[in-house]
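Below: one structure, written as structure tokens.
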Amino acid sequence: MHSVVVPAEPYTFEFDPATTALLVIDMQRDFVYPGGFGEALGNDTSLLLRAVPPTERVLNAARAVGLFVIHTREGHRPDLSDCPPSKIARGKLKSGIGDPGPMGRILVRGEYGHDIVDELKPGPGEPVVDKPGKGAFYATDLDRILQTRGIKSLIVAGVTAEVCVHTTVREANDRGYECLVLSDCIASYFPEFYEAAINMIKAQGGIFGWVGTSEAFLEALHAAGLLQRTAEPTLV
Ligand code: C5J
């Protein structure tokens with residue numbers, strides 16, 4: 001068994017790659033890209049977009065060392081039969097769930113905007129869990145997939161910090177998974193919610209889990225001898 005030790009808060013996070021998965025939450029075009037549903041709601045998507053490059057580095061490293069990778073997407077069946085009427089009505093939006101949006105029907109499976117951003121496209125053998133709620137364990141087979149693989153720890157990236165990431169980390173924690181949330185790989189449209197989300201995870205001795213950075217995570221993989229150091233292209 002390899003043990004990887006990542007400097008984190010509130011204290012070091014230790015994991016065995018054989019029983020650890022990278023969980024990439026809802027990195028969907030409609031939330032992250034300019035011109036999508038998120039922006040149509042008046043949000044600044046650049047705050048989300050900046051989590052993409054570090055997540056891409058972590059995803060590439062996870063693939064290189066053989067970590068199990070799993071992606072989630074928030075969305076519904078085209079007939080919306082899995083969407084509570086309360087969710088459709090919430091916000092009294094002019095264009096909401098199921099309506100035509102800038103990138104296809106909003107939060108509907110199969111639509112362009114519902115799919116994962118190009119940079120973080122799921123690879124072969126990486127399950128994509130479609131979830132109707134905010135938490136990735138609610139009404140999905142995520143727990144079954146993780147249990148079948150013997151997964152005990154989760155490295156977490158995704159959006160948004162205070163909604164789907166937080167709900168999922170709380171659900172995971174209650175199910176006994178140890179979560180390391182990578183602070184630069186999660187994001188929110190609201191800086192104050194981002195800060196609070198991070199602080200809530202690591203408070204009280206890590207009440208929901210640990211918080212670290214992508215750099216610390218990658219460095220830990222190097223230090224454990226699992227990842228080769230490659231020269232980064234330098235700007236001249
Ligand atoms: C996610 C949302 N993925 N903010 N959804 O966080 O509604």
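Order of listing sets the numbers, starting from 1, for every ligand and every atom in it. Because only heavy atoms are used, hydrogens play no part in the values below, and waters and symmetry mates are left out as well, while side chains stay in.
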Any salt bridge between Glu178 and Lys152, counting N to O under 4.0 Å?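 Result for this pair is no, no salt bridge flagged.
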Got a salt bridge between Asp118 and Arg29, using NZ or NE/NH1/NH2 to carboxylate O under 4.0 Å? yes
Numbering as shown, the atoms of ligand 1 that approach Val163 to under 4.0 Å (heavy-atom distance): 2 (C), 4 (N), 6 (O)
Return a yes/no value for Lys131: is any of its N or O atoms, backbone included, closer than 3.5 angstrom to an N or O of ligand 1? no
What protein heavy atom is closest to [atom], reported as residue, atom name and distance in Å?
| atom | value |
| --- | --- |
| atom 5 (N) of ligand 1 | Glu74 OE1, 2.9 Å |
| atom 1 (C) of ligand 1 | Cys164 SG, 2.7 Å |
| atom 7 (O) of ligand 1 | Lys134 NZ, 3.1 Å |
| atom 4 (N) of ligand 1 | Thr160 OG1, 3.3 Å |

Region of [X] engaging ligand 1 - heavy atom pairs below 4.0 Å:
| X | answer |
| --- | --- |
| Gln28 | neither |
| Asp26 | side chain |
| Val159 | backbone |

Just by modelled atom types, is the Asp26 backbone N or O under 3.5 Å from a matching donor or acceptor in the Thr72 side chain? yes
Would you confirm whether Asp30, through its side chain, and Phe37, through its main-chain N or O, come within 3.5 Å as a donor-acceptor pair? yes
Are Lys87 and His76 close enough that a side-chain donor and a side-chain acceptor fall under 3.5 Å? yes
For this output row, return yes or no: ring centroids of Tyr177 and Phe137 closer than 6.0 angstrom.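 Aromatic pair counts; centres sit under 6.0 Å.
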Is it true that Glu162 lies under 4.0 Å from ligand 1, counting heavy atoms only?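 Not so, Glu162 does not reach ligand 1.
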By the definition side chain to side chain contact (heavy atoms under 4.5 Å, CB included), identify the one residue from Val159, Thr160, Val156 that meets it with Val165.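 Single pass found, and it is Val156.
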